[in-house]
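Following: one structure in structure tokens, then a few remarks.
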Amino acid sequence: MAMLPFKLVYSEGYYLPIGQHVFPAQKYRLIYQRLITSGLAEAADFVEPKPANDKDILLVHTSEYVYKLQYGTLSAQEELQMEIPYSEELVDAFWLAAGGSIAAANHALEDRVAFNIGGGFHHAFPNHGEGFCMIHDVAVAIRRMQKDGRIKRAMVVDCDVHQGNGTAAIFGNRQTLERQLPSYHAPSRPPGESSGTDVFTISLHQQNNYPAIKPPSSIDVNLPDHTTDEQYLAWLDNAVSSGLRQFEPELLCYVAGADPYKEDQLGGLDLTIEGLKRRDEFIFKVALTRNIPVMVTFAGGYANKVEDTITIHCNTVTAAKEMYSRNLAGQDVTRRN
Ligand SMILES: [Zn+2]
């Protein structure tokens, strides 16, 4: 019997065959094991994904790039830019991750929330890979949901410490005042009209970090080094509130990076494990209050101790379990604590 009021999409095939690397390739398996051993989830909560079809991948990526991946003809420079070593097995893992995000999006639309215990490869561009990301699974899932007529409008809320440059490049942007000034109160507009976009992108990230060039999201929040829990949560509230004043999504894609953590090797923010869980709770609370389905992906996490990365990711599942079980019980989630 399932323990959770939502599905966790996971496969052993998520393992990235990249050898010794700052990216902990085994983290998906460790998250799976921790979810089981902690009693948070059991086998019946998990769904095995199928790999994405090439047609799905091509909704986002160029045929030239997909050809290079499938025939192993990336240039040395292109492989360096991806920062993970090319192999056919790696291609399979990314096609599977994209299929996992498609499955998670479908389940989210049924159950209000669903997780891909993987994914969040937000640095992948239509025509190249970057920063450990080959295929933009979240974008593929959004485009597939749109193609299937399940949604028209999606919002990406990217809380990885690194800016979602691939997401921004794929979905374009609008020049908004909010981008420079997240506290600006936008005039309300009819949702989906005059917004000029079908995917609204929000990225909260450390300014002084990769990627050096940050193509504009709909809203970018460039955080200073050593941003604390309280500061981060205030900026997140500002950005999400501002986004939802101007855009009404039918699916929220939450990129729940673990790397804003103060002990992350590739991050320079000062969030605590508890602060990161409050971040997760905030996202779920907003989504529940507004009745927006949420698809969660995990993106980066490079804590000095891999156990911390696992804890932060598992806490996102805990946060959803607490929020959505409570809501099922008919209690008022907005009055929590
Ligand atoms: Zn990251």
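Worth saying up front: this structure is predicted, and the values here are computed from it rather than measured. Whatever order the structure lists them in is the order used to number ligands and atoms, beginning at 1.
Among the atoms of His122, none of the N, O or S atoms falls under 2.8 Å from the Zn ion (ligand 1).
Between Tyr28 and Tyr10, the distance separating the two ring centers is not shorter than 6.0 angstrom. Aromatic pair Phe46/Tyr32: centroids less than 6.0 angstrom apart.
Of all the N, O or S atoms in Asp259, the one closest to the Zn ion (ligand 1) is OD2. Nearest N/O/S atom of His162 with respect to the Zn ion (ligand 1) is recorded as ND1. Asp160 has its closest N, O or S atom to the Zn ion (ligand 1) at the position named OD1.
Between the side chains of Asp220 and Gln163, a donor-acceptor pair is found at a separation under 3.5 Å.
Just one residue in the list Arg153, Lys152, Gln146 forms a side-chain hydrogen bond (donor to acceptor under 3.5 Å, both in side chains) with Asp198, and that residue is Gln146.
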